[in-house]
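Notes to accompany the following structure.
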Number of protein chains: 2
Amino acid sequence: MLINELSKKSGISTHTIRFYEKSGLIKGYRKESVTSNNYYHFDEETLERLEMISEAKSVGFTISEIAQLIDAWYSNKFSKKQKLAILDEKLLALEQKLKEIRQMKKLITEFKNDVLEDRC
Amino acid sequence: MLINELSKKSGISTHTIRFYEKSGLIKGYRKESVTSNNYYHFDEETLERLEMISEAKSVGFTISEIAQLIDAWYSNKFSKKQKLAILDEKLLALEQKLKEIRQMKKLITEFKNDVLEDRC
DNA sequence: ATCAACCTTAGAGCATACTCTAAGGTTGTT
DNA sequence: AACAACCTTAGAGTATGCTCTAAGGTTGAT
């Protein structure tokens with residue numbers, strides 16, 4: 001599919017998709033059979049990646065962290081051992097985020113009780 | 001205390017503290033008794049706020065969201081009802097973040113199993 | 001009185017992650 | 001052929017959240 005279709009299917013603007021491409025998160029390919037244009041084509045895997053990228057962004061991972069995750073998953077840049085190390089590191093980061101969020105929830109709940117009982 | 005002491009106690013740079021002050025998250029006061037300078041003074045509550053700000057930032061709240069939280073907590077800008085609405089909204093946002101993080105954890109764990117079992 | 005170590009404001013600079021514009025080429029329909 | 005609706009690259013612009021610099025004033029120890 002071309003970028004416009006990818007954009008519609010993923011819900012991500014073509015501009016942002018191009019930005020992700022420049023950032024190395026996704027990659028289009030050119031069809032050798034076509035010589036009249038230089039349009040990029042994208043496959044289902046790219047759509048999958050974009051969904052993963054959206055989820056990863058929403059939990060607060062940066063572009064370069066997501067790039068690492070993608071390399072650990074889709075590329076052969078790393079050995080099995082290195083891949084596992086990266087994935088474990090990200091799991092640890094998520095565990096930390098869970099802790100912080102639970103703590104913040106507690107804090108806000110305390111705030112709420114104080115407001116309810118007119119202590120502020 | 002003056003800004004330097006506040007910075008040391010909070011672990012936040014004076015530049016960032018000034019930025020937070022400009023953003024309306026904290027507020028220093030001037031001592032009327034002192035006329036030879038225009039130094040700002042900060043109290044323990046400001047230190048407390050800075051700690052809260054750091055925690056709120058780490059869970060992904062933006063400056064303006066934190067400003068809302070602070071207003072719901074420290075100011076009389078809002079009615080009791082409004083304060084509770086703001087706090088509930090933030091609790092809901094945190095609940096959503098928890099869900100997203102748990103989902104991402106699951107995804108990465110699946111990735112990990114695939115790597116472990118040489119499925120990629 | 002001089003010096004380091006503070007303080008102030010105003011504004012410039014930077015990293016991240018988009019978001020948009022310009023200028024030009026292609027495709028498909030009428 | 002002409003038109004809308006695509007495609008490309010290069011680069012400018014924007015929002016957020018800092019981070020730093022400049023220029024000038026104050027404080028406190030020697």
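Please read these numbers as outputs of a predicted model, since none were measured by experiment. Each chain gets a letter, A, B and so on, in the order its sequence line appears, and its residues count up from 1.
Distance, A:Glu21 CD to D:dC7 P: 12 Å, rounded to whole Å. Following rounding to the nearest Å, B:Leu6 (CG) and C:dC7 (P) show an atom-to-atom distance of 10 Å. Between the CG atom of A:Asn4 and the P atom of C:dT27 there is a distance of 16 Å, given to the nearest Å. Atom CD1 of A:Ile12 is separated from atom P of C:dA17 by 14 Å (rounded to the nearest Å). The distance between atom CD of B:Glu5 and atom P of C:dA5, rounded to the nearest whole Å, is 18 Å. Rounded to an integer number of Å, the gap from NE2 of B:His41 to C1' of D:dT27 is 12 Å. A straight line from CZ of B:Phe42 to C1' of C:dC7 spans 11 Å, rounded to a whole angstrom. Distance B:Ile66 CD1 to D:dT16 P: 13 Å, rounded to the nearest Å.
B:Leu25 pairs with exactly one of B:Asp71, B:Leu69, B:Ile53 by the side-chain contact (heavy atoms from CB on, under 4.5 Å) rule, that one being B:Ile53.
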Is there any protein nitrogen or oxygen under 3.5 Å from a nitrogen or oxygen in nucleotides 22-26 of chain C, and what are the pairs?
unit_1, atom_1, unit_2, atom_2, d
C:dG25, N2, A:Tyr39, OH, 3.1
C:dT26, OP1, A:Ser36, O, 3.4
C:dT26, O4', A:Tyr39, OH, 3.3

Nucleotide N/O to protein N/O under 3.5 Å, stretch nucleotides 17-19 of chain D:
unit_1, atom_1, unit_2, atom_2, d
D:dG17, OP1, B:Ile63, N, 3.2
D:dC18, OP1, B:Lys57, NZ, 3.3
D:dC18, OP2, B:Tyr20, OH, 3.1

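A:Leu92 belongs to no hydrophobic cluster with other residues, because no ILVMFWY side-chain heavy atom falls under 4.5 Å from its own, directly or through intermediates.
Every residue meeting the side chain to side chain donor-acceptor pair (under 3.5 Å) condition with B:Asp118, not counting sequence neighbours, appears here in chain and number order: A:Lys80. By the side chain to side chain donor-acceptor pair (under 3.5 Å) test, A:Ser13 is found to be paired with A:Thr16, residues two or more places apart in sequence or in another chain being considered. Listed by chain and number, the residues in a ring-ring contact (aromatic ring centres under 6.0 Å, His included) with B:Phe111 are A:Trp73 (sequence neighbours excluded). Under the rule for a side chain to side chain donor-acceptor pair (under 3.5 Å), the partners of A:Glu95 that lie at least two apart in sequence or sit in another chain are B:Lys105. B:Glu5 is linked by a side chain to side chain donor-acceptor pair (under 3.5 Å) to B:Lys9, counting only residues two or more places apart in sequence or in another chain.
Each side chain to side chain donor-acceptor pair (under 3.5 Å) pair with one or both residues in residues 38-50 of chain A, not counting sequence neighbours, appears once here: A:Arg30-A:Tyr40, A:Asp43-A:Thr46, A:Glu45-A:Arg49, A:Glu48-A:Tyr74.
For the 3.5 Å distance criterion, the side chains of A:Lys77 and A:Gln82 fail to qualify, holding no donor opposite an acceptor.
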